[in-house]
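Because only heavy atoms are used, hydrogens play no part in the values below, and waters and symmetry mates are left out as well, while side chains stay in.
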Amino acid sequence: MLTFDDLLCRARSLAQGGGRALLGVAGSPGAGKTTLARRLVRELNGTGEPWAVQVPMDGFHLADAELDRLGRRDRKGAPDTFDAAGYAALLRRLREEADGEDVVYAPGFERELEQPLAGAVPVPPGVRLVVTEGNYLLLDTGAWRRVRAALDEVWFCEGDESERVRRLVARHEEFGKGHEEAVAWVLRSDQRNAALVAATRERADLVVSLPL
Ligand SMILES: Nc1ncnc2c1ncn2[C@@H]1O[C@H](COP(=O)(O)OP(=O)(O)O)[C@@H](O)[C@H]1O
Ligand SMILES: [Mg+2]
C-alpha cells in the first residue's frame, strides 16, 4: 500500500532532476485531487521558501458567457468546456520559462462565482515542482494530448465511489445548489464526466488509493 510519505518521496525525486518538474494529479470529479495536491505542496514546502506550487486545471474553465454563446452551459465541466489548448500552452511556458526572470501567472478557479480568475496563481522562477491537478490530464483527444505530453508524471486518484458522489453533492450544496438540484446535476453531468475520466486510469504512471 502506498503511503502519503511514499508520494512525498516520489514528488521530491521528480524535482531532483535538474530543471523544473511538472507533476499531474488526475481523477474523477470529487475524487480528492485538489485536496491531495494542496497537502503535497504544503508538506513539500514546509516553512521555508516555497519551491512547489499547485496549478489547477480548473483555472481553464471557459467563462459562463462563452459557454452560453456555445450553448454548453448545461454541460459545464465536460472536456469541451475548458480551454485545453490554453492549459497545454501554460504548461509549456511553465517548463520553458523556469529559469527566466518573470513570474508566470496561472489562472485560478473561484468556487463562489464558479468562474476562472486570471492571474491568481503566481509561479516564480525559483519553483522546482509544479503540481497541476484536474479531471482530464490523461485524456487522449485533441489538445488534451499536449497536456499529458507536457507533464513528467501523472498520478490517478481514486477511492470509494459512493463516498465520491456524496462529497460531490455536498460540494455543490456548499456553493449554492439545493439538494435536489445538486443530485440531479451530479447524475446528469458529473457522472458522465467521471466515466470519461475513469477510462483514462490505465494511462497513469501511478494509481493512488484515497484516503491516505
Ligand atoms: N481525505 C479526505 N477526507 C475528507 N474529505 C475529503 C478528503 N479529500 C477530499 N475531501 C472532500 O471531498 C470533496 C472533494 O475533494 P476535492 O479535493 O475538492 O476533489 P476534486 O478536486 O478531485 O474534485 C471536498 O469537499 C473535500 O473537502
Ligand atoms: Mg478540484
Test: Arg188 cationic atom under 6.0 Å from Trp185 six-membered ring centre, within 45° of axis: yes
Contact check, side chains of Val131 and Trp155, non-hydrogen atoms, under 4.5 Å: no
Heavy-atom check, side chain of Val53 versus side chain of Val121, under 4.5 Å: yes
Arg95 (side chain) donor-acceptor with Arg20 (main chain) under 3.5 angstrom: yes
pair Asp80-Arg72: side-chain heavy atoms closer than 4.5 Å: yes
CD-CG distance between Gln191 and Asn193, expressed to the nearest 0.5 angstrom: 9.0 Å
Spacing of Arg201 atom CZ and Leu138 atom CG [to the nearest 0.5 Å]: 11.5 Å
Joint cluster assignment, Leu206 & Leu137, ILVMFWY side-chain distance < 4.5 Å: no
Ionic contact status for Arg171 with Glu174, cut-off 4.0 Å: no
Carboxylate-amine/guanidinium proximity below 4.0 Å for Glu163 and Arg167: yes
Joint cluster assignment, Val41 & Leu7, ILVMFWY side-chain distance < 4.5 Å: yes
Asp160/Arg166 salt bridge by N-O under 4.0 Å criterion: no
Main-chain N/O of Trp51 paired with Asn45 side-chain donor or acceptor, under 3.5 Å: yes
Hydrophobic cluster membership, Leu151 vs Val123, 4.5 Å side-chain cutoff: yes
Verify same cluster id: Val25, Phe4 (apolar side-chain graph, 4.5 Å): yes
Separation between CD of Gln54 and CD of Glu133, rounded to the nearest 0.5 Å: 5.0 Å
Any Thr141 side-chain heavy atom under 4.5 Å of Pro79 side chain: no
Gap separating the CG atom of Leu91 from the CZ atom of Phe60, nearest 0.5 angstrom: 7.0 Å
Pro50 vs Val127 side-chain heavy atoms within contact, under 4.5 Å: no
Ionic contact status for Arg148 with Asp140, cut-off 4.0 Å: no
CG-CZ distance between Leu212 and Arg39, expressed to the nearest 0.5 angstrom: 6.5 Å
Check: Glu114 and Asp64 side chains under 4.5 Å, non-hydrogen atoms: no
Single-linkage hydrophobic cluster Leu44~Leu14, side-chain heavy atoms < 4.5 angstrom: yes
Flag, side chain of Asp152 to backbone of Leu22, donor-acceptor distance under 3.5 Å: yes
Check: Thr132 and Leu94 side chains under 4.5 Å, non-hydrogen atoms: no
Salt-bridge contact Arg10-Glu153 (side-chain N to carboxylate O under 4.0 Å): yes
Tyr136 OH to Thr81 OG1 distance, which is reported to the nearest 0.5 Å: 6.5 Å
Side-chain touch Val165/Leu187, heavy atoms, less than 4.5 angstrom: no
Residues in salt bridge (charged side-chain N to carboxylate O under 4.0 Å, His left out) contact with Arg12, at least two apart in sequence or another chain: none
